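Notes follow once the structure below has been shown.
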Amino acid sequence: MSKGLPSRAEDYSAWYNELVKRADLAENSAVRGCMVIKPYGYSIWEKMQGALDQMFKDTGHSNAYFPLFIPKSYLSREADHVEGFAKECAVVTHYRLKASDNGSGLVVDPEAKLEEELIVRPTSETVIWNTYKNWIQSYRDLPILVNQWANVVRWEMRTRLFLRTAEFLWQEGHTAHATRMEAIEETQKMLKVYATFAEKFMAVPVLQGVKTESEKFAGAVDTYCIEALMQDGKALQAGTSHFLGQNFAKAFDVKFATKEGGLDLVWGTSWGVSTRLVGGLIMAHSDDKGLVLPPKLAPIQVVIIPIVRDKDQYALINEKVNSIIEKMRFHGISVHYDNRDTHKPGWKFAEYELKGVPLRLAIGPRDLENNTMEIARRDTLTKETVSMDNIEMLVKNLLEEIQDSIYQKALNFREENTSEVESYDEFKKVLKDKGGFVKAHWDGTAETEERIKKETKATIRCILLDEKEEQGKCIYSGKPSNKKVVFAKAY
RNA sequence: CGGGGUGUAGCGCAGUCCGGUUAGCGCACCUGGUUUGGGACCAGGGGGUCGCAGGUUCGAAUCCUGCCACCCCGACCA
């Protein structure tokens with residue numbers, strides 16, 4: 001195996017790409033823009049799914065499944081929605097192949113043309129609201145709180161493993177409500193769920209805010225989002241929660257009889273996070289030696305590596321280790337004992353560092369004599385020799401400490417890389433020299449936003465929910481503004 | 001879609017300018033031995049339609065023409 005990753009400082013982008021491949025998370029597939037998620041990468045996603053799914057259920061949601069294909073006409077029912085997604089849709093036009101006339105291979109059978117083309121879902125609002133029409137007659141049928149775990153396809157021009165792929169895995173929640181207020185509360189509630197997940201599980205601090213008119217979801221009234229900061233100073237949109245108003249109810253004619261005897265359009269929300277989170281997780285914590293995973297999402301929390309000179313010791317070590325594993329499992333710790341004799345300890349040390357396993361225990365002849373083990377932390381790369389007695393408690397505590405510690409580190413990084421500026425010159429200088437989040441006054445117009453984007457590549461990430469009101473002037477136009485907004489270059 | 005680049009073993013590359021034995025190297029892989037507390041060493045071995053198609057030539061990885069794929073930068077983008 002070739003040693004050493006490209007360093008972050010040298011080439012952040014190459015570092016990321018190499019890391020994803022070498023840590024066995026994912027690789028490019030034979031199909032352009034689509035990735036193969038390898039078992040180790042997929043198990044991180046499964047950890048994420050597990051935690052999120054529980055949180056969705058705890059907030060009253062149920063899972064369901066809607067079709068992969070959407071009749072083309074559905075997409076055009078909501079004007080903004082079609083505008084936003086039409087350019088990146090995969091389209092199914094036929095349902096059959098046949099042997100080609102010259103006998104070499106297969107061709108699309110022109111006889112088998114679909115009457116109406118199907119698009120592969122880029123998101124499921126349309127097919128779901130078309131279904132909700134049949135599910136909802138009365139206020140008694142509301143709310144509907146449904147989530148689906150699915151794959152979607154957006155034919156992106158340029159793709160990067162996990163961060164932007166043509167096909168990706170995600171969850172999309174789609175809820176229907178009787179009142180505007182209730183839908184808005186749902187939208188905000190799910191934003192909180194995402195923020196909590198990001199911070200508690202991924203150990204990634206996030207900003208919570210609302211998108212500007214030009215950045216919001218196609219078809220939404222308001223898009224709420226969480227934004228994370230990566231180590232290269234670029235922002236990553238990590239999750240979105242949309243207040244759809246009555247837009248999709250209008251488009252699909254979803255009305256309900258109100259308590260008062262009237263007839264009203266249903267209010268909707270939708271919210272989603274995707275496998276992009278895996279990319280964000282990698283970029284938030286990892287270093288030049290490889291992944292650094294938060295214990296709560298690490299597929300393996302502890303790896304134990306035996307160091308063996310002769311066969312007799314091996315039996316003794318196995319015995320010791322097995323009793324330790326049993327105790328750790330009892331405490332809910334996921335532990336992997338790598339006693340393969342096909343790889344040397346040094347090789348394993350490097351391998352598990354690359355894969356971001358939070359804690360590593362090594363046990364050899366020295367330890368057998370002294371009743372000790374060597375314990376090494378992935379996040380700090382420190383190691384010490386500790387007693388084997390009650391080591392499971394030490395491990396348990398250390399895992400919690402690592403989880404907190406990498407969150408704190410990421411939070412400090414974000415704070416150090418969040419700036420406030422009062423002028424456009426200062427804005428450009430900070431973006432160029434430092435990057436990160438830059439708070440500045442903005443006049444609220446799409447024109448200004450667009451010009452700043454053209455000139456600096458920075459976009460408005462969000463308008464913070466808890467931003468304080470203050471009188472100021474737009475850094476670009478000088479027009480009055482009562483709030484700063486958050487700019488950054490973004491993925 | 002514009003600009004640039006690359007296609008040679010599983011991976012990373014040299015060889016191409018200036019055509020000429022059997023196409024090399026590192027890693028990985030297989031066998032045997034010695035090793036094992038930070039990516040071991042020695043010896044032996046296997047693996048190639050040189051992206052595809054056509055052309056020039058006694059002879060093409062190398063020259064010519066066409067095509068394809070991928071990567072990077074831009075444009076685009078929940």
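All figures in this text were calculated on a predicted structure; none of them were measured in a lab. Each chain gets a letter, A, B and so on, in the order the sequences are listed, and its residues count up from 1.
Closest to the side chain of A:Glu353, out of B:G38, B:G37, B:C76, is B:G38. Closest to the side chain of A:Glu156, out of B:C77, B:G39, B:A78, is B:C77. Each of B:A75, B:A78, B:G37 was ranked by its minimum atom distance to the side chain of A:Pro365; first place goes to B:G37. Side-chain proximity of A:Lys454 to the nucleotides B:G37, B:A78, B:C76 is greatest for B:C76. When distances are taken from the side chain of A:Asp367 to each of B:C77, B:G37, B:G39, the shortest belongs to B:G37. Each of B:G38, B:C76, B:A78 was ranked by its minimum atom distance to the side chain of A:Met157; first place goes to B:C76. Nearest nucleotide to the A:Glu351 side chain, out of B:A75, B:G39, B:G38: B:G39.
Under the Watson-Crick and G-U wobble criteria, each requiring two contacts below 3.5 Å, nucleotide B:G2 is paired to B:C73. For B:A78, there is no paired nucleotide, since no Watson-Crick or G-U wobble pair has both relevant distances below 3.5 Å. Pair assignment for B:G59: none, as no Watson-Crick or G-U wobble contacts are both less than 3.5 Å. Nucleotide B:U35 forms no Watson-Crick or G-U wobble pair with any nucleotide shown, as no partner meets the under 3.5 Å limit on both distances. Of all nucleotides present, none satisfies the Watson-Crick or G-U wobble test against B:G46 with each distance under 3.5 Å. In a base pair of the Watson-Crick type (N1 to N3 plus N6-O4 or O6-N4) or a G-U wobble (N1-O2 and O6-N3), with each distance short of 3.5 Å, B:G7 is matched with B:C68. Nucleotide B:G12: paired with B:C25 (Watson-Crick or G-U wobble, both distances less than 3.5 Å).
Judged by distance alone, with hydrogens and angles left aside, A:Lys383 brings a side-chain donor or acceptor within reach of the base of B:G38, the pair sitting under 3.5 Å. For B:G37, its base never sits under 3.5 Å from the side chain of A:Arg309 at any donor and acceptor pair. Looking at A:Arg164, its side chain comes within 3.5 Å of the base of B:C77 through a donor and an acceptor atom.
Comparing the same atom, P, in B:U16 and in B:U62 gives a spacing of 12 Å after rounding to whole Å. Of the C1' atoms belonging to B:C1 and B:G59, the separation is 42 Å, rounded to the nearest Å. Comparing the P positions of B:U49 and B:C41 gives an interatomic distance of 30 Å, to the nearest angstrom. As rounded to the nearest Å, B:U31 and B:C50 have P atoms that lie 30 Å from one another.
The only option from A:Arg414, A:Arg461, A:Lys234 that meets the salt bridge (Lys or Arg N to Asp or Glu O under 4.0 Å) definition with A:Glu227 turns out to be A:Arg461.
Using a cutoff of 4.0 Å between basic side-chain nitrogens and carboxylate oxygens, A:Asp287 and A:Arg378 are scored as salt-bridged. At a threshold of 4.0 Å, the pair A:Glu185-A:Lys189 does not count as salt-bridged, since none of the basic side-chain nitrogens sits closer than that to a carboxylate oxygen. The pair A:Arg377-A:Glu401 meets the salt-bridge criterion, since a charged nitrogen lies less than 4.0 angstrom from a carboxylate oxygen.
Base contact: A:Gln237 has a heavy atom under 4.0 Å from a base atom. Counting any heavy atom pair closer than 4.0 Å across all strands shown, A:Asp341 reaches no nucleic acid atom. Among the heavy atoms of the strands, none lies under 4.0 Å from A:Pro122. As judged by a 4.0 angstrom heavy-atom cut-off over every strand, A:Glu88 is placed among residues touching the sugar-phosphate backbone only. The residue A:Lys289 sits apart from the nucleic acid: no heavy atom pair falls under 4.0 Å. At a threshold of 4.0 angstrom between heavy atoms, the contacts of A:Arg160 with the nucleic acid are absent. Residue A:Ser274 is in base contact, counting any heavy-atom pair closer than 4.0 Å across all strands shown.
Ring planes of A:Phe217 and A:His242: parallel class, angle under 30° (limits at 30 and 60°). Using the six-membered ring where Trp is involved, A:Tyr132 and A:Trp129 have ring planes that are perpendicular, over 60° apart on the 30 and 60° scheme.
Between the C1' atom of B:G37 and the CD atom of A:Gln313 lies a distance of 12 Å, rounded to the nearest Å. A:Arg461 has its CZ atom 13 Å from the P atom of B:C77, to the nearest Å. Rounded to an integer number of Å, the gap from A:Asn17 CG to B:G12 P is 13 Å. With rounding to whole Å, A:Asn28 atom CG is found 18 Å from B:G10 atom P. Going from atom CD1 of A:Ile307 over to atom P of B:G39 covers 12 Å, rounded to whole Å.
Judged by a 6.0 Å distance limit and a 45° cone about the ring axis, A:Lys47 is not positioned over the six-membered ring of A:Phe201. Cation-pi geometry between A:Arg360 and A:Phe349 is met: the NZ or CZ atom falls under 6.0 Å from the ring centre, inside 45° of the normal.
For the OP1/OP2 pair of B:C41 and a distance below 4.0 Å, the side-chain nitrogens and oxygens of A:Lys344 include no atom meeting the criterion.
Comparing A:Val308 and A:Gly84 along RNA chain B, the residue whose closest nucleotide (by nearest heavy atom) sits nearer the 5' end is A:Val308.
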